[in-house]
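So the structure is just underneath, and the comments pick up after that.
What's counted below: heavy atoms across the whole structure, side chains too, no hydrogens, waters or symmetry copies. Quick note on labels: first sequence line is chain A, next is B, and so on, each numbered from 1. Predicted model only: the values in this text are computed from it and were never measured.
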Amino acid sequence: MWRPGEAAPSRSSTLTADSLLSSSLTSSSDTHATILPPSQHPNPNALPIQAHRKQLLYALEHNPVVVVVGETGSGKSTQLPQYLVSGGWTENNFQVCVTQPRRLACVTLAQRVSSEVPRSMASQVGYAVRFEATTDSSTKIKYLTDGLLVRETLTDALLAQYSVVVVDEAHERNLNQDLLFGLLKKIRKQRPELRVVICSATINAESFREFFATPEHPGCIVSIDGRQHPVETMYLTTPCPDYLRGAAETVLKIHASEPSGDILIFLPTAEDIESCIRMTEELKKATPGGRGMQLSLLPLYAALPHHMQTAPFQKSPPNTRKATFATTIAETSVTLPDVKFVVDAGFVKQPYFDSTKGFERLLVTATSQSSARQRTGRAGRTAPGKCYRLYTHDTFNSFLPSTPPEITRTSLSNFVLTLKTLGVDNVMSFDLLSAPSVNAMAFSLEELHALGAIDEKGKLVPGVGDLMGEFPVEVKFAKMLIESVSLGSTEEALSIAACSQVQSIFLFARSSTQKRDRDAAIGAIVHDSGDHLTCVNVLRSNDWRSMDYCRENFLNHKALMKVAEIKNQLKRFMLKMTAGSLPGVGEDGDDELVLKALVKGFVFNVARMMPDGNYRTVRGNNVVEVSRASMFAEFGKHAEYIVFEHTEDNPRKYGLLQVCGVSAINGNWARSKSGEGERGGVSVFM
DNA sequence: GAGCACTGC
């Protein structure tokens with residue numbers, strides 16, 4: 001017998017593309033759970049976790065670390081904290097905290113639990129996310145983002161206010177979670193009374209238990225049933241040569257032959273989504289089908305304008321079937337109601353850190369088995385469903401069992417700097433669930449050294465590294481902010497650092513007339529050095545605060561509001577750091593000094609024009625092309641040297657790095673430390 | 001020939 005969440009290869013049907021939708025073939029469900037839908041369980045006492053209340057409290061009484069395995073809908077995120085309160089874990093002013101990867105989850109969980117507890121306790125359930133908190137000293141249950149808990153360790157290294165720390169959604173293995181696992185293990189050595197609960201949806205709970213196990217306390221694992229409806233999983237017998245066409249055809253076949261129920265299609269990129277919608281549209285004209293039922297095709301990805309993101313969440317009007325074409329955003333971040341059919345192309349666009357070049361790259365790759373199962377599960381949230389995998393069973397078996405943890409795929413500079421700020425100098429000896437790549441670690445140490453954050457021995461440099469570690473921004477931006485103080489361009493550096501944390505402060509043009517209007521509007525505010533001073537220009541006037549002005553000038557008002565909020569927070573950090581004296585803040589600085597500060601942080605991201613007309617990075621000698629997404633590509637002046645914020649891969653020109661966030665600079669500003677003509681970096685920090 | 005995996009401090 002296989003287990004919930006695992007595929008059942010021997011019992012899944014194998015189909016050809018043509019018979020993919022034939023109901024005569026036998027197939028099996030992807031989970032064994034047959035449980036009533038949530039709507040029939042208004043009483044939280046009926047949640048699957050309820051049967052485990054005593055077991056959980058007993059386990060925690062006797063084991064300092066407990067791993068809870070529970071599928072979606074088991075009720076662990078809402079009920080477990082309440083059990084902890086009733087079990088006495090919040091006595092003596094202690095708090096119980098539950099971490100979540102996403103802000104929205106913190107807010108909704110806190111609201112929900114607050115409404116479930118006795119009225120006298122409602123105000124003792126709160127949440128804390130960046131810019132927003134409803135917690136105080138009377139709080140007993142606190143939901144917070146895992147990133148915020150990491151930052152709390154900077155001010156309270158032992159997390160002394162908490163008796164129990166619950167790390168939820170641990171199977172995601174994001175960088176903050178892995179950092180927390182290491183920190184919690186360390187904290188437990190000094191605070192053995194601290195209890196740790198790891199909640200994970202997958203069955204590899206054993207690795208969590210093992211990580212925290214000691215000879216006296218081996219830890220324990222508690223499994224809880226989920227509440228998921230069965231989903232039939234179907235594979236192709238022969239690989240699909242064109243997943244866009246395959247997806248479009250499958251959607252139309254579902255529409256023609258299946259009873260009502262919405263469709264969710266997983267594709268790797270926004271571009272794929274737009275062209276697959278067009279393709280489905282055209283195929284539909286040729287072969288209508290659907291027995292008079294309407295089919296509405298909707299895109300869903302993060303970069304979509306906000307007003308277009310709401311449609312997939314509306315209930316379908318009668319006689320209409322929604323088909324939502326989505327990226328991984330629909331895998332974990334958001335949940336669409338009423339999805340009964342999932343079509344999975346089997347690909348994902350993911351970043352990985354190229355430590356030889358020192359840049360993060362985005363590549364389309366095969367998804368993992370666990371994410372394929374997660375996608376499948378999206379068909380069984382309200383009723384039994386079906387999942388059509390646009391690949392063969394052998395292909396599924398060739399997928400990695402799970403997505404590699406973020407720590408193995410990302411730049412480690414901020415991670416290392418945080419550890420050093422917390423006093424962990426020997427980062428190689430810090431206990432982690434998964435080891436990062438040695439090359440990525442070496443690159444980050446080299447970068448931190450080049451930025452002056454650490455010395456040759458790997459120790460934090462006072463007045464630079466310690467301050468950089470406090471900033472909630474990437475290390476390159478932290479360095480820019482610190483350098484801007486002596487240059488007198490802090491106001492602008494704050495604008496640039498804040499802008500880097502939103503997708504884009506500009507809106508996209510859809511039609512060609514819009515494009516003309518947009519070019520005219522942006523042409524009036526753009527700075528010919530490129531993206532950075534353009535963003536400074538936008539924020540220098542307060543015109544953006546008017547929504548009408550934004551609409552007319554293709555500015556993203558919502559993004560700019562967020563930029564202003566981030567800028568304020570960063571400004572508070574800066575003022576605290578410089579004891580309240582910041583020359584130039586609130587005044588316009590010299591444009592040249594703004595770019596000089598930027599280059600101090602982005603020494604590794606400088607490129608020089610070669611005689612053949614290509615830009616090559618000064619460090620690494622890689623050819624880079626300015627992305628059309630950059631203002632510099634369209635409005636920039638000729639420049640021998642440029643600085644860029646990040647790189648992206650162009651799928652049409654494989655291997656050629658595109659750069660965005662580009663500004664023209666004077667090469668002399670970068671020459672000292674960028675590695676040109678000298679061997680950059682340091683050797684060993686073991 | 002036309003821009004955009006996804007979180008988070």
Side-chain contact check for A/Ala270: nearest option of B/dC9, B/dC4, B/dA5 is B/dA5
May I ask you to say what A/Arg518 touches in the nucleic acid, namely base, sugar-phosphate or nothing, with a heavy-atom cut-off under 4.0 Å?
base
Under 3.5 Å: donor-acceptor pair, side chain of A/Thr410, backbone of A/Ile407:
no
Length of the CG-C1' vector between A/Leu481 and B/dC9, whole Å
14 Å
Checking A/Glu447, A/Glu360, A/Glu483 against A/Lys476 for salt bridge (charged side-chain N to carboxylate O under 4.0 Å, His left out), the one that qualifies is A/Glu447
Checking A/Ser368 side chain against A/Thr403 main chain: does a donor-acceptor pair fall under 3.5 Å?
yes
Closer to the 5' end of DNA chain B via nearest nucleotide, is it A/Thr327 or A/Gln501?
A/Thr327
Taking for each residue the nucleotide of DNA chain B bearing the nearest heavy atom, is the 5' side occupied by A/Phe471 or by A/Glu274?
A/Glu274
Starting at atom CD of A/Glu634, determine the distance to atom P of B/dG1, rounded to an integer number of angstrom.
17 Å
Among B/dA5, B/dC6, B/dC4, which nucleotide sits nearest the side chain of A/Leu362?
B/dA5
Taking atom C1' of B/dC9 as reference, at what distance in whole Å does atom CZ of A/Arg103 sit?
10 Å
Taking B/dC4, B/dA2, B/dA5 as options, the one with an atom nearest any side-chain atom of A/Arg628 is B/dA2
Any A/Arg102 side-chain N or O less than 4.0 Å from OP1/OP2 of B/dC6
no
Name the nucleic acid region contacted by A/Val129, choosing base, sugar-phosphate or nothing; use a 4.0 angstrom heavy-atom cut-off, strictly under.
sugar-phosphate
Can you tell me how far P of B/dA2 sits from CZ of A/Phe506, to the nearest Å?
23 Å
Main-chain N/O of A/Arg389 paired to A/Asp344 side chain as donor or acceptor, under 3.5 Å
no
Using modelled atom types only, decide if a donor and an acceptor are shared between the side chain of A/Gln177 and the backbone of A/Asn174 within a distance under 3.5 Å.
yes
Considering only B/dT7, B/dG3, B/dC9, which nucleotide approaches the side chain of A/Ile329 most closely?
B/dT7
To the nearest angstrom, how far is A/Gln177 atom CD from B/dT7 atom C1'?
11 Å
Does a side-chain N or O of A/Ser504 approach OP1 or OP2 of B/dC4 to a distance below 4.0 Å, or not?
no
In whole angstroms, how far is the P atom of B/dC6 from the CZ atom of A/Arg361?
20 Å
A/Thr145 side chain N/O closer than 4.0 Å to the phosphate oxygens (OP1, OP2) of B/dC9?
yes
Quick one: A/Glu360 CD to B/dC6 P, roughly how many Å, whole number?
14 Å
Quick one: does A/Arg378's side chain have a donor or acceptor within less than 3.5 Å of a partner on A/Leu336's backbone?
no
Counting any heavy atom closer than 4.0 Å, what does A/Glu648 reach on the DNA or RNA strands: base, sugar-phosphate only, or nothing?
sugar-phosphate
How would you label the contact of A/Pro351 with the nucleic acid (heavy atoms, under 4.0 Å): base, sugar-phosphate, or nothing?
base
Figure out the CG/P separation between A/Leu419 and B/dC9, and round it to whole Å.
19 Å
